[in-house]
Structures are given as structure tokens and as C-alpha cells.
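All figures in this text were calculated on a predicted structure; none of them were measured in a lab. So you know, we letter chains A, B, ... as the sequences are listed, proteins then strands, and number each from 1.
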Amino acid sequence: MPAVEMVGVSKTYRRRGGQPFRALDDLHMTVASGGVHGLLGPNGSGKTTSIRVLLGLVRPDPGAGGMLLLDRPVPAELPGVIADVGALVETPLFSPGLSGRMNLRLLAEAAGVPRSRIEECLELVDLRDRAGDRFKGYSLGMKQRLGIAAALLKAPRLLILDEPSNGLDPAGIRDVRELVRRLGHDGRTTVLVSSHLLSEVQQMCDSVTILARGRQVASGPVSEVLSRAGSGDVRVTVPDPAAAAAVLAAAGYSVSPAPDGQVLVHGAPAPGAITRVLAERGHYVEELVRVTPDLESAFLAITGGQA
Amino acid sequence: MSAATQQPKAPPGPEGTRGTGSLLRSELLRFATRRFIQVLLGLAVLGWLGAIGIGLLSFDHPTAADYAAAEANYEQALDADEQWREDCAEAAGQPTADFCGPPLQVEDFLTVQPFDLGSTAIPGAMSAAAGAAVLAFLVGATWIGAEWSNRSIVALLFWVPNRLKVMGAKLGVLAIAAAVIGLAAQAAWLAMAWILDAAAGSGRELADGFWSELLAAQGRAVLLTVLVALLGFGLANLTRNTGAALGIAFVYFAILEGMLRAFIGMAAERWSLMVNTVALVLPGGTRIYDWDAAYTAEPPSYLVTNLHGGLVVGVYAAVIVGIGVWLFARRDLQ
């Protein structure tokens, strides 16, 4: 059962006196249950709009398309499923004159969440000591952490976090990353996290959907998306790199020198064949590593450098 | 962040299930914790205490010396008053008392007056109603205006996605709060009247039907407070801004109503918010006159009854609130 499914969803914003803007364009997205799923895309690619559409804040264009949240159609059955969905969308929205704890209590009262859970969540985001302070006195990072605490109040089966690291210092970013990974692997929670920090998604997520201009351009396990966008390059370490490069070039490979006396072989679909070619000419491979592109390279390759 | 606390395996609540949430209870709590509303209510209480103080300084039992001074002034004015009343009756062609008012009395010249509950109760209740209505308008406007300002109403939709339910809870809380404000204002007036009567009361007997007329007027005043609170809420919800709602109210009462009255006359007055507000609470309603029409003794008039006033103000409130709720239910929220 997918935690989230969007099939052919479109959203067009109509601006007074301006051209209509198509924020989502026949978007298809599936988030499997369990684990951490990243939603990646350049600004204006439709990440936040897709989350808003899922949560019923924004109406999709009428007509084709459908959405499921935890296997229930939304927005029709959103009131029935919302108790299992926690969300933080963009900036946390709280009453500035009230304390962090009181802000959580107001939400907890509305949903019948016991007060003990408020303290648990404050503890979870390390905000218990400052929970009595007014929200307007919080730093950006503390506000973000309170937003995450609010999203966790319901102990949701699906946790949606839109740019959760915004405003956090490096230690805070690391803590959020650990928290998200822990939640995503507790056997109960699915986490959908959007981020513009590619390295963050790479470290945090098991799978990823990449959006560009409101459409999905890639989706799947992070490693798979990376390899799909990968170059197929292989880095070979041998005692005599120059001679080995000549052998490989003679065998039809495209090669170039690499740092530290290595040879870089481009576009090698079967790295094992490289070992055999070199061994037949007396060059024994000490190390052979497939060069994996990082998500940033993959992202730029997939989106055509729109970021 | 702490790694000690883990996500529970089941939703929180008794035996792994969530309790029954109460949006209304949550909104009541939110209302009670709203600081600006607390300040407004605090200022109202201070105003009430100030009014009691002024009343205690203004009313007193007149002494024999006060009566002697009043008698002397009365004697001096009597001849001139009698002459004026004769001239007045002759010009009007009607009995003097009907058209020119009652003759002077010694009590009219007393510089120190006792508090007379019988003649002051209704005007006092109307003043309390006016004060409560202004307060309720501010409370209604800031209640929803602040929600739009900090967008916490959007955050609430992550918990209760049914927008009509959210708006209904906020309106319900406001109606309850406005009714409490209206009741408290009228109770405060009765308490103040009791204090002034005990300290400097005239001791005159109350007329038959005094209490029934007063309590009915006070009941209508509570209704007015609720309707005006809803008007404030509706305007702030439409503009998504407390200040804009107050600005619209000011422009309407200070400029628009005057212009309509000047250009359209009595037809506009019959449907004006101000006239109908007054008509709702005043015993017997209020009569409006067409001063532009040709007349001899009295201009043509129209009685705006309590029911007429209540219905007109109620329809204004329903339309303004209804449009805001309809837009809230349909619009995209960013």
C-alpha cells in the first residue's frame, strides 16, 4: 500500500492580469509505505504545491487526476485520514503571543491528543526547556523545531515535512536528519520530506522523486536514481597507470588520467571486463571502483540544469 | 534533539487510541488566551469602575440649603417660563402641555441630584449596550483578524481539514463570548445602578412594568452585542485584516451613512445599520422622520420596530459572515 499516490494531478494558478501559471502538470508520484522519501526540485518545480494539494489547502484543477493518502482518496476522505498525517509546510504557523507549549496544547485539544504527548514531542525536538517562552521570542531554528513537534503530536503514520532544515544551525540540521531517519525506520511511520539541499536528501532518504516544472522527472530508490543519471565511469588503480591506460585505449575504452596515479575509464558498462583485459597484458588491478555521481550531479543532469 | 523519546507504536491516547478531540473546547481555550482580547476586556472593566466613581461623585441627596437655592432660582425663572408657554401654545394652536412640555419644577433647579433608578435604568442599559457592542465589534474583528495575520487558521486545517467546521467553531466561540460580554455589560449596569441607588438614590417608587421593560431591553441589548460581534468577525474575515475591518466600519458610519441619508433620505434610514441598531434595543423601537417632506405640525414618520431592527441587523451580519465563510471554504490557502 503506497503512503502517497498522485496520478495525473494538475494545478493552475490564475493571476489577475497575468498569464495562468501551471504549478503542477499531470503530476504522478508514488511514495511507498515506510522509510524516508525525498521530494526534490528547483524553486517553482511544484514541491510545496503538491504537498498543499495533498493536504487540501489548494484545490487541484478539476477533471482528470486522483490522489490517495494512506490508501484513502483525498480530498474527499481527508477528514478521516488527517488524524494519521502530520505536516509542517514551509514556515511554522503559530500564535506569536502564546508559549510553544500552549500552541501545541491548542492543537492537541482539537484532536484529542493527551497532554503527556505534548511533553514527549517537546522532548523529541529538544525544546522542553524553552516550551514556556512565547513563540515570538523563538529563534528561527526553535520555531522550526516547534513546527516539527506539532507535526509529531499525532504520532502520524505519514509525516510530511516541507524544508524541515530551514533556519537550523548545522547541529540542528544533523539532529533533524537523525530524527527523520529514526522515524522513517521505526516500522510505523512514512516520512515525505521536501528539501532543496541535495546532500541532505542523499543522506536522509531511501527514495526520491525529482520534480521539474510541476512534473515528475525521476523517481525511485536514491541509489537507482543516481545510477540512472550516472556516467558509468570506473576508476582503476594499477601499479603502472600510463601503461594500463594505453592497454585499455588499445582495447577500445575511453580513458583519461585520474588523480593519485589512477586511470578513469569512461562509459564502462561491465567493469569486470576491464580487469580481464588488463590481466591478460600483465597489469594486475589493485582497486576498481565505479564512480557514483552525487545527487547534485544527478539532479542537474535530470532537470537539465534548471536548479 | 533527544534520542531517548521514541514515536509511540500506536496513536497516543487511552489504550492506544486518540481521545475525542473538541474543536470548540480548543477554540474556547484559544480565545481565552488571546492577549489583545484580555486587554480589551480589562479596559472595559476599568471603564466600568471609572463610571461608578463618576456616578458616586455626580449624584447625592440634596440638602435643605440645596432646596432653598433651587427654590430661589425657580421663583426667578417662573414668570418668564409662563410667558413662553403661553406664546408657545398660541403659536402651535394646541394645549400647552402637549406641545411645549411640562412646566418648570423646583427639582429642575437643584444643582445636586439624587440617582433616580426609574428614569435612568433604560438610558443606562442603552449606554451599556452601546459600549458592549463596540467592544464586541473589536473582539470579533481581532479574533479572526489575528488568525489571518499569523495564519494559525491554516495550521489548524492540518488537524481539522473541514473548513466549515473550523469556521463554525470560531463563530460559535465568538457568539458565546459576545453573549457573555453582553450579559456582563448589562449585569454591570444593574450592579452600578444598585450601588448608586444605595449611595444616593431618590427613593421614588418604580412604575408598573419597570422591570419587564428593562429586562426586555437588556435581552435585546445582548442580542445586539452578538450580532455586532459577528459583523466585526465577518468584515475582518473578508479583508483578512483587523485594521481593515475597523477602517471599513469607520468609513461606513462616519461617511457612507451620512451620504445615503443626505441623498436618499428616509428610505435609506429605514435600512441603515445605525438606525436599526438603535431600533433593536430601544423599547418600542425608534421613529424616523422625513424632514425634507412638506408638513405643518409634524413631518411624515416611520416607526422602525424592535423586530425590524433585529431582522435588518441580523441580515447584514448573516450576509457579511456568509460571504466570508463561503470564500474561506472555496479559496486556495497559501
Side-chain angles (χ1 to χ4, degrees), chain A residues 11 13 52 55-59 75 78-79 82-89 91-98 102-103 105-114 116-117 120-121 123-128 145 147 150-157 172 175-176 178-179 182-183 186-189, chain B residues 1-39 142-143 146-166 169-170 329-334:
Chain A
K11 173 64 190 175
Y13 288 111
R52 287 186 186 281
L55 293 171
L57 298 178
V58 167
R59 286 169 192 273
L78 189 59
I82 200 72
D84 288 315
V85 180
L88 168 64
V89 182
T91 51
L93 308 171
F94 292 110
S95 297
L98 301 182
M102 180 54 83
N103 268 300
R105 195 182 148 198
L106 291 174
L107 297 173
E109 287 278 352
V113 174
S116 58
R117 178 66 185 157
E120 285 176 20
C121 291
E123 183 75 37
L124 206 61
V125 298
D126 204 14
L127 206 58
R128 206 167 175 177
R145 276 148 60 193
L152 290 171
L153 266 183
K154 292 184 267 189
R157 285 164 56 209
D175 289 344
V176 166
E178 286 174 3
L179 177 68
R182 199 165 68 239
L183 290 169
D186 67 0
R188 183 175 177 274
T189 314
Chain B
M1 291 185 208
S2 169
T5 313
Q6 299 293 324
Q7 188 86 323
K9 291 292 176 197
E15 298 175 356
T17 59
R18 290 184 188 87
T20 307
S22 170
L23 182 59
L24 192 66
R25 193 170 60 229
S26 162
E27 289 304 302
L28 279 169
L29 182 62
R30 188 188 299 274
F31 185 91
T33 53
R34 193 58 72 66
R35 207 160 295 270
F36 187 59
I37 292 175
Q38 290 171 347
V39 169
T142 188
W143 169 229
E147 293 277 301
W148 281 117
S149 173
N150 59 44
R151 293 173 63 225
S152 52
I153 192 169
V154 177
L156 192 56
L157 294 175
F158 298 156
W159 295 72
V160 186
N162 187 331
R163 297 185 188 187
L164 291 179
K165 199 173 169 186
V166 167
K170 291 194 179 294
R330 290 185 56 83
R331 272 182 180 170
D332 289 341
L333 296 172
Q334 301 298 329

Peer 1: At their closest point, which heavy atom of Leu333(B) faces which heavy atom of Arg52(A), and how far apart are they?
Peer 2: O-NH1, 3.5 Å
Peer 1: For Leu98(A), is it the side chain, the backbone, both, or neither that has a heavy atom closer than 4.5 Å to a heavy atom of chain B?
Peer 2: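 Contact with chain B: side chain only.
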Peer 1: Less than 4.5 Å to any heavy atom of chain A: does that hold for the side chain of Arg35(B), its backbone, both, or neither?
Peer 2: side chain
Peer 1: CZ/Phe158(B) to CG/Leu93(A) distance, rounded to the nearest 0.5 angstrom?
Peer 2: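 Here the rounded value is 6.5 Å.
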Peer 1: As an exercise, state the distance from CZ of Arg25(B) to CG of Leu106(A), rounded to the nearest 0.5 Å.
Peer 2: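 Taking CZ in Arg25(B) and CG in Leu106(A), the distance rounds to 12.0 Å.
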Peer 1: Inspect the surroundings of CZ in Phe31(B) and state if more than 12 heavy atoms from other residues, nucleotides or ligands are less than 6.0 Å away.
Peer 2: yes
Peer 1: Trp159(B) and Ala111(A): which non-hydrogen atoms are nearest, and at how many Å?
Peer 2: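 Looking at all heavy atoms of both residues, the shortest contact is CE3-CB, 3.4 Å.
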Peer 1: Between Leu78(A) and Pro161(B), what is the shortest heavy-atom contact and its length?
Peer 2: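 Closest approach of Leu78(A) to Pro161(B): CD2-CB, 3.6 Å.
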Peer 1: Below 4.5 Å, heavy-atom pairs only: which of Asn103(A), Leu55(A), Val89(A), Leu88(A) has the largest tally toward chain B?
Peer 2: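 Option with the top pair count is Val89(A).
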Peer 1: Heavy atoms only, distances under 4.5 angstrom: which of Thr33(B), Leu157(B), Leu24(B) has the most pairs with chain A? Name it, please.
Peer 2: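 That would be Thr33(B).
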Peer 1: Write down the atom of Arg59(A), the atom of Ala329(B), and the distance for their closest heavy-atom approach.
Peer 2: NH2-O, 2.7 Å
Peer 1: Determine whether Ser95(A) and Arg30(B) make a side-chain contact, defined as any pair of heavy atoms from C-beta on separated by less than 4.5 Å.
Peer 2: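 Contact flag for Ser95(A)/Arg30(B) side chains = yes.
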Peer 1: Considering non-hydrogen atoms only, spot the tightest contact between Val58(A) and Asp332(B) and give its length.
Peer 2: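 Closest pair (atom of Val58(A), atom of Asp332(B), distance): CA-OD1, 3.5 Å.
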Peer 1: Taking side-chain contact (heavy atoms from CB on, under 4.5 Å) as the test, write out the residues that go with Ser149(B), two or more places apart.
Peer 2: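 Scan of Ser149(B) (side-chain contact (heavy atoms from CB on, under 4.5 Å), adjacent residues dropped) gives none.
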Peer 1: Tell me, side chain or backbone of Arg163(B) under 4.5 Å from chain A's heavy atoms, or both, or neither?
Peer 2: side chain
